[in-house]
Protein chains: 2
Amino acid sequence: MKPVPYPTIQRFPLYLEVIKQLQLAGIKTISATDIAQNLGFTNIQVRKDIGYTGIIGKPKIGYNIKELEKVITSFLGWQNTNDAILVGVGALGSALLGYKGFEDYGLNIISGFDVNKKIVGKKIHGKKILHIDDFESQVKLLKVSIGILTVNQSSAQQITDLMVKAGIKGIWNFSSENLKVPDDIVVQRENLSASLALLSVKLSHKFKTKQ
Amino acid sequence: MKPVPYPTIQRFPLYLEVIKQLQLAGIKTISATDIAQNLGFTNIQVRKDIGYTGIIGKPKIGYNIKELEKVITSFLGWQNTNDAILVGVGALGSALLGYKGFEDYGLNIISGFDVNKKIVGKKIHGKKILHIDDFESQVKLLKVSIGILTVNQSSAQQITDLMVKAGIKGIWNFSSENLKVPDDIVVQRENLSASLALLSVKLSHKFKTKQ
């Protein structure tokens, strides 16, 4: 099987959103063109991306919409919910605990961990906040494989080491630290500054070219 | 001038972070290798990226660290602070209002807008929350050019139209809506689901190849 390019994987959630919207509207079949038009992509790109899932469409009709949803969801491994825990219940951590969209992406955040006495023992957006001292035992007990890291840069590596020790396999890193992990651990870095950089440069470029 | 690839632009904030850390440690000159090692990138990539700024390093010594910081900051347009407003003060919006890192990226969020009577008129993380009815007059008065969109998908297009009408030129879109805007407006889409897709697929791939 050919390896699937990362940009393709990153576009799949967008396709799922379009599929869900059109399903709600009662649509039964969907073409690459429908998806492309909804998202402002080219037909060729959408068709190529979908090709990686192995689904076969009918010429001039397209794909069975339910089947397409199923193959993409399955490709992403989102048909089963993955349990996750979050460490660092500050402003961003709290926001993520309350973000309802994650359930659509097969992610269930079980609880948050922190050291702040004001919040440990309480619930935030319905999720229990536990003390970091209980982290390792909880992760082992619940067999959680995904850790969401929303601590400051200064404690990011220390918490990462703790996550790895407790058996976490995938870390979603919202801190700005470049984490060091063993080879069998996957780190996905979330970088708001990178997006802001693109926005700034695109904006200044537009202004320049217009003058 | 050659157009600078988007991935290069997205890496520049990471380089700035390394530069700032090393400056704090008293370092005066920095090489592409120093940056590459800190971030786990290749020397060639870092050297090529930095090349786009036009700065010239000395062989075997590297770049003057202050000068390198200056050229990257200037390339990103972050030497001057850009004022922004945020619409949609829910969990995510509140988190962004309180995110201190933005100031390093030349972004100053002046205020938040919402319709929720419980928060309008109050301050969140020191930022005043105003009613959306006052949006257009405030943006025109303060000449704000960047709008941060953290509303639900269902109201995203409506708020976008309002932003465009008020004179906003760049929209940082955290909603899952594919926004329709005039040609002279820049939209930067933030897509948490795309990151989560990558994490899921990388994780399942690792598990598969290990079995």
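Note that the structure is predicted; figures quoted are calculated from it, not measured. Quick note on labels: first sequence line is chain A, next is B, and so on, each numbered from 1.
- Ring planes of A:Y15 and A:F12: perpendicular class, angle over 60° (limits at 30 and 60°).
- Contact annotation for A:V187: only backbone heavy atoms (N, CA, C, O) come within less than 4.5 Å of a heavy atom of chain B.
- Remark: A:K128 fails to qualify as a cation-pi partner of A:F113 under the 6.0 Å distance and 45° angle criteria applied to the six-membered ring.
- Checked against a 6.0 Å centroid threshold, the rings of B:W78 and B:F102 do not count as neighbours.
- In this structure, no portion of B:F41 lies under 4.5 Å from any heavy atom of chain A.
- Counting only distance, with no hydrogens or angles, the side chain of B:N178 and the backbone of A:N38 share a donor-acceptor pair below 3.5 Å.
- When heavy atoms are compared at a cutoff of 4.5 Å, A:L16 does not approach chain B at all.
- Taken from CD1 in A:I129 to CG in A:L97, the straight-line distance is 5.0 Å, to the nearest 0.5 Å.
- For B:I171, the part lying near chain A is the backbone, with the side chain staying farther off; criterion is any non-hydrogen pair under 4.5 Å.
- Panel note: side chain A:K122, backbone A:K118; a donor-acceptor pair is recorded below 3.5 Å.
- In this structure, chain A has a heavy atom under 4.5 Å from the side chain of B:L14, while its backbone stays farther away.
- When B:P7, B:S195, B:G98, B:G170 are compared by the number of non-hydrogen pairs under 4.5 Å with chain A, B:S195 comes out ahead.
- Both the backbone and the side chain of A:L199 have a heavy atom closer than 4.5 Å to some heavy atom of chain B.
- In terms of heavy-atom pairs under 4.5 Å with chain A, the best-connected choice from B:L92, B:L76, B:L196 is B:L196.
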